[in-house]
Amino acid sequence: MTAASEPATSNLSVEIADLHAYLDGVPAELRARGLFSSYEARLRALQEELLQERLAEFVQRHVRELAVDAQDPSDETKLDR
């Protein structure tokens with residue numbers, strides 16, 4: 001992870017954990033009535049945002065690695081093509 005994305009990802013993880021713990025403490029009958037559906041929707045949105053950030057970081061890291069590999073003249077297999 002980059003230094004810039006690490007705090008944002010960390011904050012999301014903490015918020016997800018807190019909200020998840022809160023919802024786990026809510027009685028099932030209250031959750032079944034939909035009284036906490038907005039909290040559950042927020043939890044799903046946070047989880048999706050975290051997943052998107054992690055996927056973007058993964059892609060960026062591998063694009064950088066591919067760019068470095070493409071510029072590496074010491075790799076003779078690339079010269080044969």
Side-chain angles (χ1 to χ4, degrees):
M1 268 185 218
T2 63
S5 68
E6 204 168 302
T9 301
S10 178
N11 290 341
L12 277 174
S13 297
V14 169
E15 190 173 352
I16 288 169
D18 289 347
L19 188 52
H20 194 273
Y22 174 75
L23 287 171
D24 279 347
V26 173
E29 60 271 2
L30 293 178
R31 287 180 73 175
R33 288 188 212 160
L35 297 174
F36 291 85
S37 60
S38 61
Y39 291 97
E40 292 168 337
R42 174 70 177 149
L43 178 60
R44 284 190 302 274
L46 289 170
Q47 290 169 328
E48 289 173 8
E49 186 178 342
L50 180 61
L51 177 62
Q52 289 172 357
E53 284 188 14
R54 287 182 175 169
L55 285 173
E57 176 62 29
F58 175 81
V59 168
Q60 289 172 359
R61 182 174 52 243
H62 288 286
V63 165
R64 285 191 303 269
E65 288 174 6
L66 288 172
V68 168
D69 288 346
Q71 294 175 357
D72 186 2
S74 66
D75 188 355
E76 294 179 12
T77 60
K78 293 179 186 140
L79 297 176
D80 292 337
R81 292 182 188 164

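It should be emphasised that the depicted structure is a prediction, and the values quoted were computed from it without experimental measurement.
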CD-CZ distance between E29 and R33, expressed to the nearest 0.5 angstrom: 6.5 Å
Identify the heavy atoms of L19 and Y39 that sit nearest to each other, and give their distance. CD2-O, 3.6 Å
Value for OG (S13) from CD (Q47), rounded to nearest 0.5 Å, stands at 10.5 Å
Can you tell which of L50, L46, L43 makes a side-chain contact (heavy atoms from CB on, under 4.5 Å) with E15? L46
Hey, quick one: are L51 and I16 part of the same hydrophobic cluster, counting side-chain heavy atoms closer than 4.5 Å, chains of contacts allowed? no
Side chain R31, main chain V26, donor-acceptor under 3.5 Å: no
Atom pair CD (Q52) and CD (E57), whose distance is rounded to the nearest 0.5 Å: 14.5 Å
Between CZ on residue R42 and CG on residue L23, distance to nearest 0.5 Å: 12.0 Å
Can you get from L66 to V59 by hopping between Ile, Leu, Val, Met, Phe, Trp and Tyr side chains that sit under 4.5 Å apart? no
Suppose we screen for side-chain contact (heavy atoms from CB on, under 4.5 Å). Which residues come up paired with E65, at least two apart in sequence or across chains? R61, H62
